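Values reported hereafter were calculated over all heavy atoms of this structure, with side chains retained and with hydrogens, waters and symmetry mates removed. Note that the structure is a prediction, hence the values are computed from the model and not measured.
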Protein chains: 2
Amino acid sequence: MAQSDTVSRILDTAEVLFAERGFAETSLRNITSKARVNLAAVNYHFGSKKALIQAVFSRYLDPFTLRFHTALDELEARYTDSHIPLEELLETMATTVLAVPAERNSLKVFMRLLGLAYSQAQGHLRRHIQEQYGEVFARFTELVRQATPDLPDSERFWRLHFMLGTVIFTLSGLDALRDIAAKDYQEQVTVRDLVRRLRPVVVAAMNAPLPPAVEEGHHANANAS
Amino acid sequence: MAQSDTVSRILDTAEVLFAERGFAETSLRNITSKARVNLAAVNYHFGSKKALIQAVFSRYLDPFTLRFHTALDELEARYTDSHIPLEELLETMATTVLAVPAERNSLKVFMRLLGLAYSQAQGHLRRHIQEQYGEVFARFTELVRQATPDLPDSERFWRLHFMLGTVIFTLSGLDALRDIAAKDYQEQVTVRDLVRRLRPVVVAAMNAPLPPAVEEGHHANANAS
DNA sequence: CCTCCAGAAAAACGAGTGTTTAAAACATGC
DNA sequence: GCATGTTTTAAACACTCGTTTTTCTGGAGG
């Protein structure tokens with residue numbers, strides 16, 4: 001054991017419980033009792049619950065950014081004089097995402113955590129992720145920009161987020177959906193199977209025809225704030 | 001006031017706070033103090049916090065299902081001998097979704113709530129929504145099935161949920177995204193504008209080519225449970 | 001041997017939670 | 001005007017929460 005063992009026991013238990021129930025709904029007593037560790041250990045080793053949450057994310061995202069950067073390096077080396085095709089970029093991202101939790105036991109946990117990071121309040125988390133991992137995301141979007149030169153910038157921005165929603169929503173709610181699918185269609189869906197299904201959909205969505213230009217005169221309703 | 005006024009003050013305040021911070025993060029004291037109502041009023045009028053959460057949803061979803069059923073009735077009346085085109089179905093759904101919170105003040109709140117219903121633990125909520133509003137959703141998916149006869153059932157199931165993820169994720173996280181978009185692309189995005197952008201993307205995604213058949217022999221990794 | 005100190009353990013702290021109780025205020029019908 | 005049922009109020013209850021404090025344990029180094 002490189003780490004004090006108590007630390008990793010806490011992290012292992014915390015990530016599972018967080019993924020199952022969310023952050024606010026998971027108490028430190030839940031974590032420490034299931035990890036068979038003293039309650040005070042969390043505050044001793046991590047300082048606070050917030051810091052524990054961030055540590056859980058870092059354990060996934062640090063290896064991810066590392067791998068993703070090198071994967072993009074290789075990709076750029078292979079396409080020195082032409083742009084990297086969109087399919088290649090998406091494929092690389094998918095492969096990297098799938099590779100990270102292979103060491104650990106669950107991609108599902110990783111995805112649930114990402115979904116929670118977006119949907120739960122936890123402002124500190126969004127800030128932490130933005131600061132820590134915004135750079136690699138910016139690099140990726142820049143490559144996507146080069147791969148889709150015909151798309152207006154704003155349109156590409158929105159479509160990327162549309163697809164982000166697709167992936168995170170589907171994979172983070174996978175268990176519930178999998179149950180329904182298994183019941184109605186007698187098929188057991190694996191994560192890799194879902195990624196296979198996602199690929200053509202995402203590509204088609206990114207390459208969809210542009211929406212009609214906005215008509216003047218029609219004033220939008222005021223749903224601000 | 002048709003209702004006791006206390007009841008609607010609670011609901012008005014609760015939906016906003018829930019949408020902003022989630023269910024667990026919003027206490028009854030938050031709600032009652034902001035609504036300038038006695039703490040015990042929630043338990044008196046609704047019975048429990050869980051029941052209050054469900055009541056907040058019902059106030060949006062009951063009118064929605066009503067409108068959506070009649071909208072689908074009209075649609076079916078217009079297409080007695082041919083199938084309703086997919087575009088028409090999506091258009092109708094979008095229109096109905098947009099119509100509901102027009103009476104109230106915020107579509108954003110409605111979408112945030114839907115997003116929370118999926119991502120937060122709150123098992124009772126998912127069950128309540130499923131039982132109460134599963135029927136209209138089933139009717140819609142059946143019409144989508146008739147509109148896309150070439151799509152295998154399981155494929156359509158997943159693609160519908162992909163698109164559900166797109167819409168809920170985008171519209172429920174709209175505020176944050178809108179800020180970024182406004183900063184980077186100097187454009188002020190309205191909800192209707194987003195729906196306009198969503199339409200071609202969703203249609204293209206639903207009509208995307210089928211994924212390649214699974215190769216035998218490649219055994220998927222065991223990411224179960 | 002004794003000191004030192006990181007780590008684990010138990011206990012307590014104060015704040016905040018949903019819910020219940022019991023009394024007060026109000027409205028309605030006779 | 002009094003009794004009736006409904007709504008509002010303040011107070012208390014019984015927990016649970018994250019965090020802090022204090023004590024205890026077990027090796028390492030002088």
> A:Asn43 CG to D:dG18 P: how many Å, rounded?
Replying inline: 9 Å
> Of A:Asn30 and A:Gly47, whose closest DNA chain D nucleotide lies nearer the 5' terminus?
Replying inline: A:Asn30
>> Using every non-hydrogen atom in the two residues, find where A:Arg112 and A:Glu20 come nearest and quote the distance to one decimal.
In response: NH2-O, 4.0 Å
> Which nucleotide, C:dA10, D:dA10, C:dT19, lies nearest any side-chain atom of B:Lys49?
Replying inline: C:dT19
> Between C:dG16 atom P and B:Arg21 atom CZ, what is the distance in whole Å?
Replying inline: 13 Å
>> In whole Å, I'd like the distance from the CG atom of A:Leu39 to the P atom of D:dG18.
In response: 8 Å
> Among C:dT19, D:dT19, C:dA10, which nucleotide sits nearest the side chain of A:Ala40?
Replying inline: C:dA10
> In whole angstroms, how far is the P atom of C:dA8 from the CG atom of A:Asn38?
Replying inline: 9 Å
> Below 4.0 angstrom from OP1 or OP2 of D:dT16, is there any side-chain N or O of A:Ser27?
Replying inline: no
> 5'-most contact on DNA chain C: A:Arg29 or A:Arg36, nearest heavy atom basis?
Replying inline: A:Arg36
>> Any base atoms under 4.0 Å from A:Thr26, or only sugar-phosphate, or nothing? Heavy atoms, all strands.
In response: sugar-phosphate
>> Distance check needed: C:dT17 P versus B:Ile53 CD1, whole Å only.
In response: 14 Å
> Below 6.0 angstrom between ring centroids: does that apply to B:Phe169 and A:Phe169?
Replying inline: no
> Do B:Ser27 and B:Asn30 have a side chain donor and acceptor closer than 3.5 Å?
Replying inline: yes
> What is the distance, rounded to the nearest whole Å, between atom CD1 of B:Ile31 and atom P of C:dT17?
Replying inline: 11 Å
> Once you round it to whole Å, what is the distance between C1' of C:dA9 and CG of A:Leu28?
Replying inline: 16 Å
> Is any side-chain nitrogen or oxygen of A:His45 closer than 4.0 Å to OP1 or OP2 of C:dA8?
Replying inline: yes
> Looking at A:Phe68 versus A:Phe140, is the centre-to-centre ring distance below 6.0 Å?
Replying inline: yes
>> Under 4.0 Å from OP1 or OP2 of D:dT8: is there any side-chain N or O of B:Thr6 that close?
In response: yes
> Side chains of B:Tyr44 and B:Asn38: donor-acceptor distance under 3.5 Å anywhere?
Replying inline: no
> Can you check the A:Glu25 CD to C:dG18 P distance for me, whole Å?
Replying inline: 12 Å
